[in-house]
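Below: one structure, written as structure tokens.
For clarity, every value in this text was computed on a predicted model and none was experimentally measured. Lettering of chains follows the sequences in order, A, B, ..., and the numbering in each one begins at 1.
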There are 2 protein chains.
Amino acid sequence: MTKAHEGNLPAVTEEMSQRFDAWQEAGFDAANCPVRDVLDRVGDKWSVLILTALAEEPKRFSALNRAVGDISKRMLTQTLRTLQRDGLVDRTVYPTTPPTVDYRLTELGHSVLEPLSALIAWAETRHDDIRAARNAFDEDEAVAA
Amino acid sequence: MTKAHEGNLPAVTEEMSQRFDAWQEAGFDAANCPVRDVLDRVGDKWSVLILTALAEEPKRFSALNRAVGDISKRMLTQTLRTLQRDGLVDRTVYPTTPPTVDYRLTELGHSVLEPLSALIAWAETRHDDIRAARNAFDEDEAVAA
DNA sequence: AGAGTTGGTAACTAAAAGAGACCATACCTC
DNA sequence: GAGGTATGGTCTCTTTTAGTTACCAACTCT
């Protein structure tokens with residue numbers, strides 16, 4: 001079980017290494033890499049949180065600001081713009097005073113929830129392992145130093 | 001189909017919004033957030049590439065350096081250290097001259113391939129949509145300006 | 001002797017994240 | 001009508017992080 005990478009490669013392993021080979025052959029143009037494109041969004045501090053917050057229902061700017069809590073308005077604006085630019089989020093302005101603006105997931109935005117949710121689930125189930133590894137590593141470092 | 005978020009919420013949507021509610025209730029301590037922890041790694045420029053490169057077989061430092069191509073040694077070292085610290089990658093030194101060091105995925109590292117692969121697959125199938133959205137957005141911007 | 005290989009580190013620079021003050025508009029209270 | 005509140009931002013400044021380049025020690029091959 002712990003030696004899953006010996007001999008009987010699981011399907012995913014093969015899938016990944018094939019992908020890698022394909023990237024290699026294609027020259028791996030980072031600028032045009034779809035994966036990089038997506039992971040840049042997924043990886044930034046706020047995008048996932050905002051996508052999660054918008055999963056159930058559209059929310060207004062200020063509602064998001066309150067919901068996320070420790071995000072600054074600048075970062076919220078910036079993150080929303082990027083998500084909007086990538087077609088994951090839709091921005092609607094209602095010409096009231098004070099202005100009302102709401103944000104909602106597009107179909108594309110909804111569709112990313114599935115793989116994203118799987119990754120989050122992995123994170124949650126394996127977090128203890130990660131923390132344990134981290135502690136062990138830091139202790140070794142401390143001893144070595 | 002395009003109105004998937006009206007009425008009949010798909011399972012994932014509900015899953016995500018429940019998760020969000022749970023985070024909200026827990027006060028969302030960013031420092032102790034498992035998701036943030038994981039996504040920080042997934043989101044950085046090189047981690048995913050390295051995990052992919054190591055999926056099939058262990059590789060040496062210089063092999064990784066060549067395989068990834070446009071990564072600098074410093075970033076490679078740094079990324080590998082972080083992955084090692086998080087228990088995703090195992091580092092083995094053979095006392096030869098010149099030194100031989102190889103890196104391989106741990107069981108934990110292998111286990112992340114599954115959700116990661118799903119996300120990459122999403123990125124690849126939806127990349128055209130993202131690019132289209134991006135172009136449309138940029139054109140609107142240009143017109144507005 | 002000189003060049004090449006190994007797996008890094010140290011010092012520096014460019015880019016991005018983030019905090020905080022500010023803004024126009026309109027409402028509501030005193 | 002002065003003062004406070006709310007809206008959805010932007011502008012400026014500082015701190016953090018990403019990334020590049022040069023260098024190192026030890027050994028082998030020519």
A:K45 NZ to A:I71 CD1 distance, which is reported to the nearest 0.5 Å: 9.5 Å
Once you round it to whole Å, what is the distance between C1' of D:dG19 and CG of B:L76? 13 Å
Take atom CG of A:L64 and atom C1' of D:dG8, then tell me their distance rounded to the nearest Å. 12 Å
Working for side-chain hydrogen bond (donor to acceptor under 3.5 Å, both in side chains), residues B:D44 and B:S47: CA-CA 6 Å; B:D44 85 34; B:S47 294; 2.9 Å; yes
With sequence neighbours excluded, what pairs up with B:T52 under the side-chain hydrogen bond (donor to acceptor under 3.5 Å, both in side chains) test? none
B:T96: which residues meet the side-chain hydrogen bond (donor to acceptor under 3.5 Å, both in side chains) condition with it, sequence neighbours left out? B:T100
Rounded to whole Å, the CG-P distance (A:D40 to D:dT17) equals 17 Å
With respect to the phosphate group of D:dT7, does any side-chain polar atom (N or O) of A:R60 fall under 4.0 Å of OP1 or OP2? no
Short N/O separations, protein against nucleotides 13-16 of chain C, under 3.5 angstrom:
none

Can you name the residues that form a salt bridge (charged side-chain N to carboxylate O under 4.0 Å, His left out) with A:D138, not counting sequence neighbours? B:R85
Within residues 79-98 of chain B, residues whose heavy atoms come under 4.0 Å of DNA chain C: B:R81, B:R91, B:P98
Strictly below 4.0 Å: does A:S72 bring a side-chain N or O up to OP1 or OP2 of C:dG18? no
Would you indicate, yes or no, if D:dA18 has its OP1 or OP2 atom less than 4.0 angstrom from a side-chain nitrogen or oxygen of B:W46? no
Tell me, which pairs form a salt bridge (charged side-chain N to carboxylate O under 4.0 Å, His left out) where one or both residues lie in residues 93-103 of chain B, sequence neighbours left out? B:D102-B:R104
Which whole-number value in Å describes the distance from B:Y103 OH to C:dG8 C1'? 8 Å
Would you mind writing out the side-chain donor-acceptor pairs for residues 112-125 of chain A within the sub-3.5 Å range, not counting sequence neighbours?
from   : atom 1 : to     : atom 2 : distance (Å)
A:S117 : OG     : B:E15  : OE2    : 2.5
A:S117 : OG     : B:R19  : NH2    : 2.5
A:W122 : NE1    : B:S111 : O      : 3.3
A:W122 : NE1    : B:S111 : OG     : 3.0
A:E124 : OE1    : B:R19  : NH1    : 3.4
A:T125 : OG1    : A:A121 : O      : 3.3
A:T125 : OG1    : A:W122 : O      : 3.2

Distance-only, no hydrogens or angles: does the A:S17 side chain make a donor-acceptor pair with backbone N or O of A:E14 under 3.5 Å? yes
Identify all pairs in which a protein N or O lies below 3.5 Å from an N or O of nucleotides 10-12 of chain C, and state each distance.
from   : atom 1 : to    : atom 2 : distance (Å)
C:dA11 : N6     : B:R74 : NE     : 3.2

Can you see if the side chain of A:K45 gets near the phosphate of C:dG18 - specifically, an N or O under 4.0 Å from OP1 or OP2? yes
Taking side-chain hydrogen bond (donor to acceptor under 3.5 Å, both in side chains) as the definition, give me every residue that meets it alongside A:D21, ordered by chain and number, with sequence neighbours left out. none
Scan the side chains in residues 77-84 of chain B for donor-acceptor partners under 3.5 Å anywhere in the protein, sequence neighbours excluded, and list what turns up.
from  : atom 1 : to    : atom 2 : distance (Å)
B:T77 : OG1    : B:K73 : O      : 2.8
B:T79 : OG1    : B:M75 : O      : 2.7
B:T82 : OG1    : B:Q78 : O      : 2.9

Does B:D129 have any salt bridge (charged side-chain N to carboxylate O under 4.0 Å, His left out) partners at least two apart in sequence or in another chain, and if so, which? B:R126
Over how many whole Å does the gap from B:K59 atom NZ to C:dG7 atom C1' extend? 18 Å
Mind calculating the distance between CD1 (A:I71) and C1' (C:dG20) to the nearest angstrom? 15 Å
Determine all donor-acceptor pairs shorter than 3.5 Å in which one atom belongs to a side chain in residues 86-95 of chain B; sequence neighbours excluded.
from  : atom 1 : to     : atom 2 : distance (Å)
B:D86 : OD1    : A:R134 : NE     : 2.8
B:D86 : OD1    : A:R134 : NH2    : 3.1
B:D86 : OD2    : A:R134 : NH2    : 3.3
B:D86 : OD2    : B:R41  : NE     : 2.6
B:R91 : NE     : B:Y103 : OH     : 3.2

Mind calculating the distance between CG (A:N65) and P (D:dT10) to the nearest angstrom? 13 Å
Should A:S62 be listed as having a side-chain N or O under 4.0 Å from OP1 or OP2 of D:dG8? yes
Closest-nucleotide ordering on DNA chain C, the 5'-leading residue of A:P99 and A:M75: A:M75
